[in-house]
Amino acid sequence: QVQLVESGGGLVQPGGSLTLSCAASGASGFTLSDYDMNWYRQGPGKERELVAAITRGGDSTKYADYVKGRFTISRDNAKNMVYLQMNRLKPDDTAVYYCNAVHKWFASINYWGQGTQVTVSS
């Protein structure tokens, strides 16, 4: 079992920045580098959507078109942490942001955090 805890959400004005953090933990033998990591979000009345993804070693990332150039995903496997730096935030970025871990061998083995609310409003 893996536990994911997001933090860093809050209220920010349009054009502002936030950094979300995802702290991962697990039973003895847990290694974050065994998991590809993703950030998803779910806005009001919308379906959950993939925002950004990073491979196990952090050597490859991908982003949804609507956040490219504004958001940056990163990870620190030694600290069991994953981050999402969000710049130039827009009201449309308002959503609950979720951290997701997918096992390197078994995609069916995946875990979710409880989410953190991001509200972009003046």
Side-chain angles (χ1 to χ4, degrees):
Q1 189 73 11
V2 173
Q3 292 79 43
L4 302 174
V5 179
E6 302 95 336
S7 61
L11 174 64
V12 62
Q13 292 187 342
S17 298
L18 280 176
T19 299
L20 305 184
S21 299
C22 173
S25 61
S28 177
F30 166 75
T31 303
L32 186 62
S33 59
D34 284 343
Y35 296 84
D36 293 322
M37 298 299 295
N38 307 300
W39 283 98
Y40 282 78
R41 71 185 186 187
Q42 187 166 16
K46 299 180 181 179
E47 295 188 352
R48 192 171 297 190
E49 57 188 7
L50 178 66
V51 175
I54 188 166
T55 52
R56 296 185 301 277
D59 53 300
S60 180
T61 59
K62 68 176 181 180
Y63 298 91
D65 286 343
Y66 43 80
V67 304
K68 280 181 181 177
R70 300 190 297 124
F71 290 11
T72 302
I73 187 172
S74 61
R75 64 191 294 162
D76 185 338
N77 287 338
K79 296 182 178 179
N80 290 336
M81 295 293 295
V82 183
Y83 306 97
L84 185 67
Q85 173 68 44
M86 306 186 295
N87 297 324
R88 291 183 282 134
L89 284 160
K90 305 175 181 180
D92 283 348
D93 295 319
T94 295
V96 179
Y97 284 72
Y98 298 91
C99 183
N100 167 249
V102 181
H103 193 274
K104 62 181 179 180
W105 290 328
F106 307 104
S108 60
I109 299 177
N110 65 90
Y111 302 95
W112 294 86
Q114 82 290 347
T116 186
Q117 175 71 47
V118 172
T119 302
V120 184
S121 175
S122 54

Let me check something: do [X] and [Y] share a hydrophobic cluster, defined by ILVMFWY side-chain heavy atoms less than 4.5 Å apart, either directly or through other members?
X: Tyr40; Y: Val67; result: no
X: Leu18; Y: Tyr63; result: yes
X: Met37; Y: Phe30; result: yes

| query | So which residues get pulled into Tyr83's cluster when ILVMFWY side chains under 4.5 Å apart are joined, directly or through others? | reply | Met81
Hey, are the side chains of [X] and [Y] touching, using non-hydrogen atoms and a 4.5 Å cut-off?
X: Trp105; Y: Asp34; value: no
X: Tyr97; Y: Val51; value: yes
X: Tyr66; Y: Lys90; value: no
X: Ser121; Y: Pro91; value: no
X: Val118; Y: Asp93; value: no

Kindly give the heavy-atom pair with the smallest separation between [X] and [Y], and that separation in Å.
X: Ala101; Y: Tyr35; answer: CB-CD2, 3.9 Å
X: Ser33; Y: Asn77; answer: CB-ND2, 3.6 Å
X: Thr94; Y: Pro44; answer: O-CD, 3.7 Å
X: Ala53; Y: Ile73; answer: O-CG2, 3.6 Å
X: Arg70; Y: Leu89; answer: NH1-CA, 3.8 Å

For the atom pair [atom1] ([X]) and [atom2] ([Y]), what is the distance rounded to the nearest 0.5 Å?
X: Arg56; Y: Leu32; atom1: CZ; atom2: CG; value: 11.0 Å
X: Met86; Y: Arg41; atom1: CE; atom2: CZ; value: 9.0 Å
X: Ser25; Y: Gln1; atom1: OG; atom2: CD; value: 10.0 Å
X: Thr31; Y: Asn80; atom1: OG1; atom2: CG; value: 8.0 Å
X: Leu11; Y: Ser122; atom1: CG; atom2: OG; value: 9.5 Å
X: Asp92; Y: Lys46; atom1: CG; atom2: NZ; value: 5.0 Å

Checking [X] side chain against [Y] main chain: does a donor-acceptor pair fall under 3.5 Å?
X: Asp76; Y: Val82; result: no
X: Glu6; Y: Gln114; result: yes
X: Asn100; Y: Tyr111; result: yes
X: Arg75; Y: Thr55; result: yes
X: Arg88; Y: Gly69; result: yes

| query | Are Thr19 and Gln85 close enough, and set up right, to give a side chain to side chain donor-acceptor pair (under 3.5 Å), and what steps lead you there? | reply | CA-CA 4 Å; Thr19 299; Gln85 173 68 44; 2.4 Å; yes
| Which one of Leu84, Asp36, Thr61, Asn38 satisfies the side-chain contact (heavy atoms from CB on, under 4.5 Å) criterion with Ile54? | Thr61
| Criterion side-chain contact (heavy atoms from CB on, under 4.5 Å) on Thr116 and Val96, from CA distance to verdict | CA-CA 5 Å; Thr116 186; Val96 179; 6.0 Å; no
| field | Pair Asn87-Ser17, side chain to side chain donor-acceptor pair (under 3.5 Å): steps then yes or no | value | CA-CA 4 Å; Asn87 297 324; Ser17 298; 3.0 Å; yes
| Crowding at NZ, Lys104 (>12 non-hydrogen neighbours, <6.0 Å) | yes
| said: Does this structure show an ion pair linking Lys68 with Asp65, if we count only N-O contacts that are shorter than 4.0 Å? | reply: yes
| task | Give me the ring orientation class for Trp112 and Tyr98: parallel if the planes are under 30° apart, tilted from 30 to 60°, perpendicular past 60°. | result | perpendicular
